[in-house]
2 protein chains.
Amino acid sequence: MNFKSKNTKKELNPNVSVDCVIFGFDLSQLYVLLIDSGNTEDYKQSRMAVPGDLIYDTENLDEAARRVLKELTGIENIYLEQIGAFGDPDRIGKKESDRKWLESIRAQPEARVITVAYYSLVKMPNFNPKASSFAKSAGWTAISEVNELAFDHYEILESALEQLKRKIKIQPIGFNLLPEKFTLSQLHKLYECILGKDLDKRNFRRKILNLNILTDLEEKQIGVPHKPSQLFKFNEENYNKLSLEGFDNFGF
Amino acid sequence: MNFKSKNTKKELNPNVSVDCVIFGFDLSQLYVLLIDSGNTEDYKQSRMAVPGDLIYDTENLDEAARRVLKELTGIENIYLEQIGAFGDPDRIGKKESDRKWLESIRAQPEARVITVAYYSLVKMPNFNPKASSFAKSAGWTAISEVNELAFDHYEILESALEQLKRKIKIQPIGFNLLPEKFTLSQLHKLYECILGKDLDKRNFRRKILNLNILTDLEEKQIGVPHKPSQLFKFNEENYNKLSLEGFDNFGF
DNA sequence: TAGCTATGTGTCTTTTGAACACTATCAAAT
DNA sequence: ATTTGATAGTGTTCAAAAGACACATAGCTA
């Protein structure tokens, strides 16, 4: 999405921010992209946060989220969905370490800020998180290793995961996390990771194939030390058709 | 919920508002509570809006929504759920009539305002909408009659309905729209209205009863010109039990 | 007492979900 | 050359849920 300012002077709105929970998948685990405040006085976890920024008065919320994503990852056209707004009056000022961080990055660190949270899905290998105006460093953390985050970001992450779980049962958005060519086992593993439970292999394969949204590439894995798996790609045409008709449930 | 300000001076935040889509049901149709700007120069529909207000810097978003609901309806403890944030830079300034209205109610009518939308469910007969600081008049409009609203409120209403549809399949929140004592036919009609489609009577009754969340009051309608219906009430205890176990789907 | 209106009830068929175990194919190690 | 380890791939059966469908009942009214 192209963001074009309508005013020459773009002003940050001191009261509204966006935060983006960026999910990745390395074919065995789910990850989230976190930035580091660089504040060395505190434990590592509490210095980590979900990337975000104040919005400009000229851009809409989705645009702001895409701007943050682009600055951080260089990627455009990413799957993006709003989670909702988080607005406790003291959501960003509870911890001493949070306040210090704010003082270092915000013109008005005491302002009351409500944030609009998003989650997005990216193909992990496609990109390298960069340092940016709002992040000294950025990197992937396995979801299972996240215990504590700055501000109310842990709560935001939980909401993101919840929404992702709900959504993936209704729409095959998981393809955004996989490489172009993938195996059914990888897709299977992805669903298990997101839903946090085991799924029967045969039942999974049957259901997915019955949706007719996969194209068999008639190509196999090479160099793997076991029976090579058939490769598939996502069939966009059939998926779009199916979306229009409306389908309710993957049924997991 | 009791809202208690932590500061003596409560200040409205000029950049963030809440808007509440309030649904009601009169046993035959779904309604939404709309307020009237009182601006007489334009068509009726475009003067109507969903009630809302700027937030105070001391309250959180849910509190702000409850405050709006209380001011308008006098009711507390209402079912309330966030829909999400709406924040196009020009969402409130597109139409001339919108701008006039804003000038009459806002200290900074030109400010860029993002809004956090909520929907809530109320028992229609329980209450009378009142005029308030932000509404010259307020009243129920059948969903089917709403064509156009001020600002981006039509879009907000559509999102509210969508979310309600999704939610009512997963949780029996519909009880918030019905009187304490209700018949299965009324509940059936409510589901049909919300989902916008016919549901088989016998299948509906079977599914609902199998959930064990209804208590048969062993009491019948009186004075109706047809076979009187059994009355039920919502069994909160069983519902809470069921919620904890987690149930996925009414299956409509 | 006839007519109108909405209530209330059961069965059968089809679809969907869930449980379950063995053979096949490759690479690497011996 | 053979064995080993790792993952891929494949069907059937049983149980549960969804969907389709028609008629007798109870109260009011005219």
Side-chain angles (χ1 to χ4, degrees), chain A residues 26-29 168-170 178-179 181-193 195-233 242 245-252, chain B residues 26-29 168-170 172 178-179 181-193 195 197-233 242 245-252:
Chain A
D26 72 349
L27 304 184
S28 74
Q29 269 187 101
I168 206 173
K169 293 185 189 182
I170 312 182
L178 291 169
K181 300 176 177 187
F182 54 87
T183 72
L184 284 183
S185 296
Q186 290 164 353
L187 184 58
H188 180 207
K189 181 73 183 175
L190 173 60
Y191 269 78
E192 290 187 328
C193 285
L195 297 176
K197 66 179 181 192
D198 289 349
L199 299 171
D200 182 89
K201 181 168 56 157
R202 279 173 285 193
N203 294 338
F204 177 84
R205 295 168 82 95
R206 180 181 48 220
K207 282 188 220 174
I208 287 288
L209 289 173
N210 282 343
L211 290 176
N212 277 318
I213 52 173
L214 297 185
T215 302
D216 188 333
L217 287 169
E218 312 203 343
E219 186 182 339
K220 284 178 192 291
Q221 285 180 311
I222 47 176
V224 290
H226 55 75
K227 178 172 179 177
S229 179
Q230 196 60 240
L231 289 168
F232 291 84
K233 68 172 183 182
L242 193 57
E245 296 167 20
F247 69 113
D248 252 5
N249 217 318
F250 263 99
F252 301 115
Chain B
D26 72 347
L27 305 182
S28 74
Q29 269 188 102
I168 205 172
K169 292 184 190 184
I170 312 181
L178 291 169
K181 301 175 177 186
F182 55 86
T183 73
L184 285 182
S185 297
Q186 289 163 354
L187 184 59
H188 180 207
K189 181 74 184 174
L190 173 60
Y191 269 77
E192 290 187 328
C193 285
L195 297 177
K197 66 179 179 189
D198 289 350
L199 300 171
D200 181 89
K201 182 166 57 156
R202 279 174 287 191
N203 295 338
F204 177 85
R205 296 167 82 97
R206 180 180 52 215
K207 283 188 219 172
I208 286 288
L209 289 172
N210 282 344
L211 290 176
N212 276 319
I213 52 174
L214 297 186
T215 302
D216 186 334
L217 287 168
E218 312 203 343
E219 187 182 337
K220 282 176 191 291
Q221 285 180 312
I222 48 177
V224 289
H226 55 73
K227 180 173 177 177
S229 178
Q230 198 59 240
L231 289 168
F232 290 84
K233 67 172 184 182
L242 192 58
E245 296 166 22
F247 70 112
D248 253 6
N249 216 319
F250 264 100
F252 299 115

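Residue numbers start from 1 in every chain, and the chains themselves are labelled A, B, ... in the order their sequence lines are given, proteins ahead of strands.
- Every side chain to side chain contact (heavy atoms under 4.5 Å, CB included) that A:S185 has, sequence neighbours left out, goes to A:T183, A:R205.
- With sequence neighbours excluded, the residues that form a side chain to side chain contact (heavy atoms under 4.5 Å, CB included) with B:Q230 are B:D216, B:K220, B:F232.
- Between D:dT7 and A:S185, no contact under 4.0 Å exists linking OP1 or OP2 to a side-chain N or O.
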key: Protein proximity profile, nucleotides 20-30 of chain D - base contact B, sugar-phosphate-only contact S, no contact -, cut-off 4.0 Å on heavy atoms   = BBB--BBBS--
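- B:K207 has its NZ atom 18 Å from the C1' atom of C:dG8, to the nearest Å.
- Summarising the geometry, the separation between CD on A:Q221 and C1' on C:dA27 is reported as 13 Å, rounded to the nearest angstrom.
- Between B:I208 atom CD1 and D:dA18 atom C1' there is a gap of 15 Å when expressed in whole angstrom units.
- Between A:L209 atom CG and D:dG11 atom P there is a gap of 12 Å when expressed in whole angstrom units.
- Neither OP1 nor OP2 of D:dT7 sits under 4.0 Å from any side-chain N or O of A:S229.
- Between the C1' atom of C:dG8 and the CD atom of B:Q186 lies a distance of 15 Å, rounded to the nearest Å.
- Salt-bridge formation is not detected for the pair A:E192/A:K197: no Lys NZ or Arg NE/NH1/NH2 atom is positioned less than 4.0 Å from an Asp or Glu carboxylate oxygen.
- Remark: P of C:dA21 and CZ of A:R205 are 18 Å apart, rounded to the nearest angstrom.
- In this structure, the CG atom of A:L217 is 16 Å from the P atom of D:dA8, given to the nearest Å.
- Remark: P of C:dG8 and CG of B:L214 are 12 Å apart, rounded to the nearest angstrom.
- Residues that satisfy the side chain to side chain contact (heavy atoms under 4.5 Å, CB included) test with B:Q29, not counting sequence neighbours, are B:D26, B:Y31, B:A142, B:S144.
- Every residue was checked against the side chain to side chain contact (heavy atoms under 4.5 Å, CB included) condition with B:K227, not counting sequence neighbours, and none meets it.
- Among residues two or more places apart in sequence or in another chain, the salt bridge (charged side-chain N to carboxylate O under 4.0 Å, His left out) test is passed with B:K201 by none.
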